[in-house]
Amino acid sequence: MIQKAVIKPMENLLELNSVCKKYPSFELKNAGLILPAGSIMGFIGENGAGKTTTIKLILNEIKRNSGNVKIFGMDNIKDERKIKEQIGVVFDESYFHGDFKAGDIANILKRVFKLWDDSLYERYLKDFSLPKDKKIKEYSKGMKMKLSIASALAHHPRLLVLDEATSGLDPIMRSDILDIFLDFIQDESRGVLFSSHITTDLERIADYVTFIHKGEIVFSRSKDDLIEDYGILKCGTSEFNRLDKTDFIRFRKGAFECEALVKNKTAAKRKYPNFIVDGASLDEIMLMYVKGEK
Amino acid sequence: MSGILLKDFLYLRQQPKFLLLLFGFFIIFFIATGNQTELNSLFTRLIVMLTSILVINTFSYDEISKWDGYAFSLPITKKQTVLCKYLLTLILSLVGVLIALCINFAVNHAMSVENFVELYCAFGVSIAFCSILIPLFYKYGTQKARIAIMIVVLLPTFGLSLLKNANLPMPTDADINFMLALSPLFLIVIFIASYFISSKIMENKEI
């Protein structure tokens, strides 16, 4: 009888503690995040902020300088193979040779993963309308991405790591792919780490959002809290100059109008009843952190 | 691990046209020259060339499809990935020798000791050649390592012509027999050493 792993509620699938990686021109500083089971974490940041570096460190593709990474409670270096049996990875580009067909990939991966499930793979191919007789190079970009996802899911992974998997796809294809992730997460023992700079995708599916900027994690928290708490205060430039700047995380000054990011929308509304304080989208929060003044 | 080896063989499946062309060229060459003794040496040279070309091609395909970045996310160690390339070299060289043997038998109905020695030499050169090339590919990638191929091919040629000019006495049969007897040990050492060097390069490689 096959015993199903018993997962304690809210077990952490992924934990990063003070992970550092130094390059001559870039440094990832004290990266920390926690991904509980049963959730999707959006990992946002501008290009070059350190998203891919963090993902490579999680997968032990590059060597960290300090800190530790725990996946399913195990060290990602010491128990690397055991962990990787249960991880599915999708990058922004297809990594299979263009002359391969979908069946070739199954033939390769069934010899790589102990838990490879041919019938599940076939089901995904059917669900995603991926023709088995076509070469991968004849697939569209969206089809290639779906094939990568099918091949990442067919060994029953518990953690799905996606690096810019929906970037470069049209909205319909992106929506299809997001549905796949939502479906995947129905099993509460699973989790998804999803790096993207398309914040609207994350607003739709993420439970947690981690924002990285210039190699530092600015925040890693529940999306609902984030959307609930953060706000954008709008006022004229002359009025803004009279306000206490310490109330704002970042601000942008135009010739006539100013916008400022506030951490607590309700408190800001109370303190500045004469100004407009709107909710902040992930896009606005990201833009403010990257482009705004302090 | 067999999955990775299978991937390399699937790459090679894409090349029958290239292989047929190459074989066709050699067969036409053989018919044109009409010299049966030429056949063996032609095929022996072909083995050396083909093994190296096919192994190099698998590296290029890996690079084009950005395979390594993905492979590192799979439950396979870097050492196993490296080992696959060495197994591939060994298998391709052996298959090459087998094909050459079959063709020789089919045409000549017999094999002389010289034929066997020649085939063994071809196998040996192919193994030695790949043992030098594989670590270079891992270290520098296929683009930069192409220059290394030129050097690896040209150096022995230059070396030989230098030796000729040095007016050293030609090796006697006894010398050659001694070298042949010693060569399996040399091949094993260079092949294993090359594997360890490649593994070390890969362990330190960050993609």
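Letters go in sequence order (proteins before strands), and every chain restarts at 1. Everything quoted here is computed from the prediction, not taken from an experiment.
Of the possible polar contacts, one joining the B:Thr81 side chain to the B:Thr77 backbone as a donor-acceptor pair under 3.5 Å is found. Between the side chain of A:Asn76 and the backbone N or O of A:Leu57, at least one donor-acceptor pair lies under 3.5 Å.
Proximity to chain A (any heavy atom under 4.5 Å) is shown, for B:Glu63, by neither the backbone nor the side chain. Within the 4.5 angstrom heavy-atom criterion, atoms from both the backbone and the side chain of A:Lys63 approach chain B. Residue A:Ile62 touches chain B through both its backbone and its side chain, counting heavy-atom pairs closer than 4.5 Å. When heavy atoms are compared at a cutoff of 4.5 Å, A:Glu93 approaches chain B solely by way of its side chain, counted from C-beta outward. With a 4.5 angstrom heavy-atom cutoff, B:Asp62 does not touch chain A via any of its atoms. Looking at A:Phe96, both its backbone and its side chain come within 4.5 Å of chain B, counting heavy atoms on both sides. Using a 4.5 Å cut-off between heavy atoms, A:Leu109 touches chain B through its side chain atoms alone. With a threshold of 4.5 angstrom between heavy atoms, B:Ile64 does not approach chain A through any atom at all.
Heavy atoms only, all atoms of each residue included: B:Phe123 and B:Val97 are closest at CB-CG2, 3.7 Å. The two atoms that bring A:Leu13 and A:Ser189 nearest to each other are CD2-O, 3.6 Å, heavy atoms only. Summarising the geometry of A:Pro157 relative to A:Ala152, their closest heavy-atom pair is CG-O, 3.2 Å, with the distance given to 0.1 Å.
Taking B:Tyr70, B:Trp67, B:Tyr11 one by one and counting their heavy-atom pairs under 4.5 Å with chain A, the maximum is reached by B:Tyr70. Counting heavy-atom pairs closer than 4.5 Å to chain B, the top-ranked of the candidates A:Asn60, A:Val112, A:Ile58, A:Ile87 is A:Val112. Among the candidates B:Gly3, B:Pro75, B:Ser65, the residue making the largest number of heavy-atom pairs closer than 4.5 Å to chain A is B:Pro75.
No salt bridge links A:Lys70 with A:Asp75; every basic N to acidic carboxylate O contact stays at or beyond 4.0 Å. Look at A:Asp163 and A:Lys56 and you find no salt bridge, because none of the NZ, NE, NH1 or NH2 atoms lies under 4.0 Å from a carboxylate O.
Classification of the A:His97-B:Tyr61 ring pair by plane angle, with boundaries at 30° and 60°, yields perpendicular. A:Trp116 and A:Phe113 have parallel rings, their planes meeting at less than 30° on a 0 to 90° scale where 60° marks the start of perpendicular.
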Evaluation steps, side-chain hydrogen bond (donor to acceptor under 3.5 Å, both in side chains), between A:Ser151 and A:Tyr124:
CA-CA 9 Å; A:Ser151 56; A:Tyr124 279 124; over 6 Å; no
Pair B:Leu101-B:Leu119, side chain to side chain contact (heavy atoms under 4.5 Å, CB included): steps then yes or no
CA-CA 8 Å; B:Leu101 265 178; B:Leu119 268 180; 3.7 Å; yes
Take B:Leu133 and B:Val55, measure what side chain to side chain contact (heavy atoms under 4.5 Å, CB included) needs, and give me the verdict at the end.
CA-CA 9 Å; B:Leu133 285 180; B:Val55 171; over 6 Å; no
Give the intermediate values and the outcome of side chain to side chain contact (heavy atoms under 4.5 Å, CB included) for residues A:Lys146 and A:Asp176.
CA-CA 9 Å; A:Lys146 283 181 171 173; A:Asp176 283 356; 3.5 Å; yes
Begin with the C-alpha distance, continue with both residues' side-chain angles, and end with the deciding distance and a verdict on side chain to side chain contact (heavy atoms under 4.5 Å, CB included) for A:Lys126 and A:Lys132.
CA-CA 9 Å; A:Lys126 214 172 136 224; A:Lys132 282 177 78 182; over 6 Å; no
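Using a 4.5 Å cut-off on side-chain heavy atoms (C-beta onward), B:Lys85 and B:Leu87 make no contact. At least one side-chain heavy atom of B:Met202 sits under 4.5 Å from a side-chain heavy atom of B:Asp68.
Identified by a heavy-atom distance below 4.5 Å to chain B, contributing residues of residues 44-54 of chain A are lacking entirely. Taking 4.5 Å as the heavy-atom cut-off, the residues of residues 15-33 of chain A that approach chain B are A:Lys21, A:Tyr23, ordered by number. Residue-level contacts of residues 100-108 of chain A with chain B, in order of numbering, are A:Phe100, A:Asp104, A:Asn107, A:Ile108; threshold 4.5 Å between heavy atoms. Chain A is approached within less than 4.5 Å, heavy atom to heavy atom, by no residue from residues 188-197 of chain B.
A:Ser94 and A:Ser148 are not linked by any side-chain donor-acceptor pair at a separation below 3.5 angstrom, with hydrogens and angles left out of the test. Looking only at atom types and distance, the side chain of B:Tyr120 has a donor-acceptor partner in the side chain of B:Ser183 under 3.5 Å away. No side-chain N or O of A:His155 forms a donor-acceptor pair with one of A:Asp117 less than 3.5 Å apart.
Summarising the geometry, atom CD1 belonging to A:Ile205 is positioned 4.5 Å from atom CG belonging to A:Leu178; distances are rounded to the nearest 0.5 Å.
In this structure, B:Lys78 is positioned above the aromatic face of B:Phe72, its NZ or CZ under 6.0 Å from the six-membered ring centre and within 45° of the axis.
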